[in-house]
Amino acid sequence: MQNTLLLVDGSSYLYRAFHAMPDLRNPQGEPTGAIYGMINMLRRLRSDYPAAYMACVFDAKGKTFRDDLYPEYKAQRAPMPDDLRLQIEPIHQAVAAMGWPILMVEGVEADDVIGTLAVAATRQNMKTVVSTGDKDLAQLVNSQVTLINTMSNEVMDEPGVLAKFGVPPARIIDYLTLIGDTVDNVPGVTKCGPKTAVKWLTEYDSLDGIMANADKIKGVVGDNLRAALNWLPQGRVLITVKTDCDLSAHYQDIQHSLVAKPESKEDMLAFFSRYGFKTWLRELSGDATAGATPLKAASATSAAAPANSPVQGGLFQEEENAAVIEKNYELVLTESALDAWLARIQQASLTAFDTETTSLEPMHAQLVGLSLCCEAGHACYIPVAHHYADAPLQLTRELVLEKLRPWLEDASKAKVGQNLKYDSHVLANHGIQLRGIAHDTLLESYVFESHKSHDMDSLALRHLGKKTISFEEVCGKGASQIGFDQVELQRATDYAAEDADITLQLHQAMWPEIAPDAKLLKVYHDIELPTSVVLQKIERNGVKIDPALLAAQSHEIGIRLLELEQNAYALAGQPFNLNSPKQLGEIFFGKLGLPVVKKTPSGAPSTDEEVLQKLAEDYPLPKILLEYRGLAKLKSTYTDKLPKMVNPATGRVHTNYAQAVAVTGRLASNDPNLQNIPVRTAEGRRIREAFIASPGHIIMSADYSQIELRIMAHISGDASLLKAFADGEDVHRATAAEIFGVTPAEVSNEQRRYAKVINFGLIYGMSAFGLAGNLGIERAAAQSYIDKYFQRYPGVAQYMADTRTKAKAHGYVETVFGRRLWLPEINSPNGPRRQGAERAAINAPMQGTAADLIKLAMIAVQNWLEQEKLQTRMIMQVHDELVLEVADAEVELVRQKLPELMANVATLDVPLLAEVGIGHNWEEAH
DNA sequence: CTGCTAGCATA
DNA sequence: GTATGCTAGCAGA
């Protein structure tokens, strides 16, 4: 079921439902029989053939290629009865509410859309089940595609087709061409019915064979055949279902566009109420609320109405799975209106919540207003600090926050937002601690589709088919951008209330994708949601730095840079901007005539570090540049920049951890990036001396040892690698011993260095070419090391192969915890891109599992700190390292417990090891 | 003022 | 050869 696509020929269903049902009417006198029949048929089909993906395909109005080819096509067909026509729009609504993606392509018949999707599904290794009343579709049947007859419910697979028609699926087109289709007014051979067609096909194999041997067929039927010879090729084209329609890429990607959704209870209630299906209404609402709450009728934007602007730019009339919801956005300016909303959110099972502020910087942002929504379409905006000429009187921020505080701080009041980490900061800026974060649509999207964009405007377009008001549309951009507090209240309400409304709807759209999948649910619920809460605390804790120390380093570096600059000018014979690769290139390769070692991707001669190293062997200027580059980078990026990032209010640096940008599941750090503070060189490491602890505290750092290699051992199950870790060996030494065939004790430093490069290369999905470049050896030599490695670690070789296979088959790979890492280019026809995706596929499970592990560790550590009510604070995460600011009195306790928590966060087939260091600053602790 | 390239810091 | 973010220079608005 997991990998099945269920396709319904909606147009054939319509007629079947209409003719099968008596003339039912609702109290308003509208015909409802076909609607009733359609809902029944689809519900039964779905329960009989549960599938992860499905679509209901309807004919769109307008001419198709068949009409152009043969003007008489379907000319005999009676016009649609009015009573059926009236039910088309409601049927589309009902189908969407039942969770079926709807497809209608202008100029393409439903059959052709179905054929194209079936072929696309087969290509994506999915099984397809087509439900239709039209026998023509039997031509699609093969080992992957089966047909279900709508009324009789007979299942037709390959043997089924043969049994029913007497010819295999591959001959159905020929068979139908011979017989013709009276319904569609497509003639065949006169007097040739099923029997004759089968007889001929058995004798001559195919239509082409029959036509070639037409002169051998005797009798009147033979004459008829010969008379039809000129027609038959055209008839065959008309009968042939197209499988290569120009569907937009969006729909070719079945796993994204055609996900089966559960019935929307809300929409179904509204629908049943609107069309007077009393029994279903009672069933669905249960006895409690039946008829009690006035149900809002879904406003009738029908699925059949041509959309004005196809969202994806394709041929599609982009359709929603939910009927368009009536919008009701309220501007709250009075205490009584606020009280009414308070009452709503107090009793709501889930409330969407959003803040509008003065700034995007979480630690500086001040609240300008907030919006709430507990029922799709019905939202409010509560402005508290809009300042512009003639701004209406608003409730004060103090009043609103004090009134909302009990709800905001109540962990039992479920909230959903888009990146609530930000809103938590904003509220914390006003002394409120947000609790009860039940969902976060940013994280839902990230867990569901890590490789796609997660901003609300994109999500709304993707999941709801809605174009939302963007921040830029409201506030402008660049220098002329205004603060949200300058925005006119009505406009602000349109924007802000929509944010809360859309957030709730996004949750309702995405949650059904995650909740039924145990692995995704675990990643979302047990990892990402709690991690966001921990991250907010870490960001707020901030890191203390020593600005004076950095200033002194800047000064020192500045002096040295001036010296180097003068030396460089002298060697070049002229002044130039040492920071400009362009000018440097002109001096090097133009004026001085140095050899070009390699080129940049855009064709210019490269002057990067590797090139400078090489040139420095023979020339003096490159050596100067190397030192200059290193120091300039330190000064501009770190020693000059970090002091400017100190928050004046806290005296500390507060980074932002981006939780939903890295496709592997890692965090990213920005403003400033604290995950790339130098460590490799001695000069660089001095910057870490400026990362200090408050008085009465020390810095403690704990990092996972060889985490990715350990994960590789676990995932691959390679016996030798597992044993090396189980025995606590130096893994690079162990690898060297295996590759070079010596005992671990005999491994030279050079051999160990080689082994280390190879181990890292494996994690990155290396090739012999890359390894050779890195080790500065011949490619053949590199290949022989790789061969030797895989020979000694066959489990790893197997893992690499399995991972590639899985990635190609599914389009994603998984971490140990089931996080999905999507690789959109894994089957790209573009060689380099595809190979890039293959390397990423190898790396992703290891990098991603490491990310999962440290997130779990962060959650465990934070829980422990809070449970024990310690003064110690977590202050940084650097992928495999946690940094804490530990109160002096707690040092021994934390030093013992921290690595234990990190090591025991999961039980893998390899032991996990975390190594701890302490010091007065980060450099010492490392 | 914005977007791009080159280069380089980390795991 | 995996994954990020930030700086400076530079070209075209």
Discussion item. Once hydrogens and angles are ignored, does a donor-acceptor distance under 3.5 Å link the base of B:dA11 to the side chain of A:R666?
Written reply: yes
Practice prompt. For the side chain of A:N670, starting at C-beta, report the closest nucleotide among C:dG5, B:dG7, C:dA3.
Written response: C:dG5
Worksheet item: Between C:dC6, C:dG1, C:dA8, which nucleotide has the shortest distance from any of its atoms to the side chain of A:N673?
Response: C:dC6
Discussion item. Does a side-chain N or O of A:R680 approach OP1 or OP2 of B:dA9 to a distance below 4.0 Å, or not?
Written reply: no
Worksheet item: Between A:Q706 (CD) and B:dA11 (C1'), how many Å, whole number?
Response: 12 Å
Worksheet item: Between A:Y785 (OH) and C:dG1 (C1'), how many Å, whole number?
Response: 18 Å
Discussion item. Taking 4.0 Å as the cut-off, does a side-chain nitrogen or oxygen of A:T664 come that near to OP1 or OP2 on C:dT4?
Written reply: no
Worksheet item: Can you tell me how far the NZ atom of A:K623 sits from the CD atom of A:Q613, to the nearest 0.5 Å?
Response: 10.0 Å
Discussion item. Quick check: any donor-acceptor pair below 3.5 Å linking the side-chain of A:K633 to the base of B:dC8?
Written reply: yes
Item to complete: Name the nucleic acid region contacted by A:G765, choosing base, sugar-phosphate or nothing; use a 4.0 angstrom heavy-atom cut-off, strictly under.
Response: nothing
Fill in: Residues, nucleotides or ligands: over 12 heavy atoms within 6.0 Å of A:R753 CZ
yes
Practice prompt. For A:E708 and B:dT10, give me the distance from atom CD to atom P, rounded to whole Å.
Written response: 16 Å
Fill in: Nearest-neighbour nucleotide for the A:Q847 side chain, C:dG1, C:dA3, B:dG7 considered
C:dA3
Worksheet item: Just checking A:I677: base, sugar-phosphate only, or nothing, at a heavy-atom cut-off of under 4.0 Å?
Response: sugar-phosphate
Discussion item. If you only use heavy atoms from C-beta on, which nucleotide in C:dA8, C:dA11, B:dG7 is closest to the side chain of A:N579?
Written reply: C:dA8
Worksheet item: Which heavy atom in A:W822 sits nearest to a heavy atom in A:H810, and how many Å separate them?
Response: CZ3-O, 4.0 Å
Practice prompt. May I ask you to say what A:D703 touches in the nucleic acid, namely base, sugar-phosphate or nothing, with a heavy-atom cut-off under 4.0 Å?
Written response: nothing
Worksheet item: Taking only N and O in the side chain of A:R839, is any of them less than 4.0 Å away from OP1 or OP2 of C:dG1?
Response: no
Item to complete: Look at the side chain of A:M766 and decide which nucleotide, out of B:dA11, C:dA3, C:dG1, has an atom nearest to it.
Response: C:dG1
Item to complete: Looking at every strand, decide which applies to A:F769 at a 4.0 Å heavy-atom threshold: base, sugar-phosphate, or nothing.
Response: sugar-phosphate
Practice prompt. Report yes if at least one side-chain N or O of A:N843 is closer than 4.0 Å to OP1 or OP2 of C:dG1; otherwise report no.
Written response: no
Item to complete: For the pair A:N827 (side chain) and A:K808 (backbone), establish whether a donor and an acceptor sit closer than 3.5 Å, ignoring hydrogens and angles.
Response: yes
Fill in: Integer-rounded Å distance: C:dT4 P and A:M876 CE
22 Å
Worksheet item: Which nucleotide in the list C:dT7, C:dC10, B:dA11 gets nearest to the side chain of A:K641?
Response: C:dT7
Worksheet entry | From B:dC1, C:dG1, B:dA11, nucleotide with atom closest to A:D880 side chain | B:dA11
Worksheet item: Out of C:dC10, B:dA9, C:dA8, which nucleotide sits closest to the side chain of A:Y638?
Response: B:dA9
Discussion item. On the nucleotide B:dG7, are OP1 or OP2 found under 4.0 Å from the side-chain N or O atoms that A:S606 carries?
Written reply: yes
Discussion item. Can you classify the ring geometry of A:Y785 versus A:F740 as parallel (below 30°), tilted (30 to 60°) or perpendicular (above 60°)?
Written reply: perpendicular
Worksheet entry | A:Q877 CD to C:dG5 P, straight-line distance once rounded to whole Å | 13 Å
Item to complete: Please state how far atom NE2 in A:H879 lies from atom P in B:dA9, giving the value in whole angstrom units.
Response: 16 Å
Worksheet, complete the sentence: Side-chain atoms of A:R688 come closest, of B:dT10, B:dG7, C:dC10, to B:dT10
Item to complete: Report yes or no: is there a donor-acceptor pair, N or O only, under 3.5 Å between the side chain of A:N676 and the base of B:dA9?
Response: yes
Worksheet item: Has A:H555 got more than 12 heavy atoms of other residues, nucleotides or ligands less than 6.0 Å from its NE2?
Response: no
Item to complete: Return the value, rounded to whole Å, for the distance between atom CG of A:L853 and atom P of B:dA11.
Response: 18 Å
Worksheet entry | Sugar-phosphate, base or nothing in reach of A:Q583, heavy atoms under 4.0 Å | sugar-phosphate
Worksheet item: Counting side-chain heavy atoms from C-beta on, which of C:dT7, C:dG5, B:dA11 comes nearest to A:V661?
Response: C:dG5
Discussion item. Check this one for me: any side-chain N or O of A:K477 less than 4.0 Å away from OP1 or OP2 of B:dT2?
Written reply: no
Practice prompt. Determine, for A:K421 against A:D440, whether the closest basic-nitrogen to carboxylate-oxygen distance falls under 4.0 angstrom.
Written response: no
Worksheet item: For the base of C:dT4, is there a side-chain donor-acceptor partner from A:Q675 under 3.5 Å away?
Response: no
Worksheet item: What integer distance in Å separates A:L584:CG from B:dT5:C1'?
Response: 15 Å
